[in-house]
Amino acid sequence: MTTAAPATVSEIEVFRHQAGMVLKVVQVNTDGVSQEESLIQPSPGGNCLNWVVGHLACIYNRALPMVGQEPVMEEEALKRYDRGAPPVKDAAEALELRDLLAAFEKATERLDAGLAGLAPEALDSKAPGSPSGNPNETVRSLLSTIVFHQAYHAGQTGILRRVAGKEGAIR
């Protein structure tokens with residue numbers, strides 16, 4: 001009698017799967033949401049759906065060079081959506097939701113392509129930076145943080161969809 005070894009999935013495949021799931025969640029939660037609805041602010045505070053989607057695009061855009069891919073937009077174009085930026089309260093400050101979604105989708109595709117070509121040993125390389133100031137940040141630890149970060153904000157899109165007056169999209 002032989003026993004089959006359990007199948008294992010590489011860390012890179014896990015990152016790719018999680019990024020794909022985040023994209024699907026964001027797509028479902030933004031389906032049918034207008035630009036105006038995406039700018040409705042949650043009360044008593046926080047960021048609107050437009051800002052969250054732009055923030056997701058901004059974070060992946062910055063991470064793309066780490067996996068050998070070109071950014072999808074100039075960094076300056078997404079600066080309004082960077083970490084620590086104040087909530088978007090004026091429609092004139094906001095990029096179109098459809099453009100932010102397109103950038104996020106394209107960035108996710110590039111991230112997936114970059115991860116698909118990433119050698120497993122590259123995960124142990126020093127990261128190009130660390131949002132937490134960790135001097136020992138590796139590509140592995142940074143990708144882990146980024147994937148968690150993106151999932152956290154993807155979950156917010158479900159709440160913000162309801163704040164905009166839409167029914168929940170994921171049941």
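If you chain together hydrophobic residues whose side chains sit under 4.5 Å apart, F104 and V67 fall into the same group. By the criterion of side-chain heavy atoms lying less than 4.5 angstrom apart, applied directly or through intervening Ile, Leu, Val, Met, Phe, Trp or Tyr residues, Y60 is not grouped with V25; the two fall into different hydrophobic clusters. The hydrophobic cluster containing L64 also contains F15, counting ILVMFWY residues as joined when their side-chain heavy atoms lie under 4.5 angstrom apart, directly or transitively. Hydrophobic clustering places V53 together with M73 (ILVMFWY residues linked when any side-chain heavy atoms are closer than 4.5 Å, directly or through intermediates).
At least one donor-acceptor pair under 3.5 Å links the side chain of R110 to the backbone N or O of E70. Between the side chain of N61 and the backbone N or O of P71, no donor-acceptor pair lies under 3.5 Å. Checking side-chain atoms of R83 against main-chain N and O of P131 turns up a donor-acceptor pair under 3.5 Å. Under the 3.5 Å distance criterion, the side-chain polar atoms of Y81 are matched with a main-chain donor or acceptor of L95.
Scanning all heavy atoms of the two residues, the minimum distance from E137 to G129 falls at CG-O, 3.7 Å. Contact between A169 and V28 at its shortest, heavy atoms only, is CB-CG1, 3.3 Å. Nearest approach of N47 to P86, heavy atoms of both residues: OD1-C, 4.1 Å. In terms of heavy atoms, L39 sits closest to A94 at CD2-CB, 3.6 Å. Closest of all the heavy-atom pairs between P42 and L160 is CG-CD2, 3.9 Å. Nearest heavy atoms, A19 versus L111: CB-CD2, 4.0 Å.
Separating the CD1 atom in I59 from the OG1 atom in T145 is a distance of 11.5 Å, to the nearest 0.5 Å. Atom-to-atom distance recorded for R162:CZ and N29:CG is 9.5 Å, nearest 0.5 angstrom. Atom NZ of K126 is separated from atom OG of S141 by 9.5 Å, given to the nearest 0.5 angstrom. Once rounded to the nearest 0.5 Å, the distance linking CG of L100 with CG of L78 reads 7.0 Å. L49 CG to H153 NE2: the interatomic distance, rounded to the nearest 0.5 Å, is 12.5 Å. Note: N50 CG to Q41 CD = 9.5 Å, rounded to the nearest 0.5 Å.
In this structure the side chain of R161 never reaches within 4.5 angstrom of the side chain of S38, judged on heavy atoms. When side chains are defined from C-beta on, L118 counts as touching L123, because their heavy atoms get closer than 4.5 Å. Annotation: side chain of M66 is in contact with side chain of I146 (closest heavy-atom distance under 4.5 Å). The side-chain heavy atoms of D31 and Q27, taken from C-beta on, include no pair separated by under 4.5 Å. With a 4.5 Å cut-off on side-chain heavy atoms, E11 and S144 do not count as touching.
The environment of E75 atom CD is sparse: at most 12 non-hydrogen atoms of other residues, nucleotides or ligands sit within 6.0 angstrom. The 12-atom threshold is not exceeded at NZ of K24, counting heavy atoms of other residues, nucleotides or ligands nearer than 6.0 Å. I159 CD1: 12 or fewer foreign heavy atoms inside a 6.0 Å radius.
A salt bridge links R16 to E13: one of the charged nitrogens lies within less than 4.0 Å of a carboxylate oxygen. Using a 4.0 Å cut-off between charged side-chain N and carboxylate O, R62 and D82 make a salt bridge.
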Intermediate values then yes/no, side-chain contact (heavy atoms from CB on, under 4.5 Å), H149 and Y152: CA-CA 5 Å; H149 171 273; Y152 172 84; 5.7 Å; no

Can you check side-chain contact (heavy atoms from CB on, under 4.5 Å) on L143 and L115, steps first, answer last? CA-CA 10 Å; L143 281 171; L115 288 170; 3.8 Å; yes

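Under the side chain to side chain contact (heavy atoms under 4.5 Å, CB included) rule, Q150 has a single partner from T108, V26, L56, which is L56.
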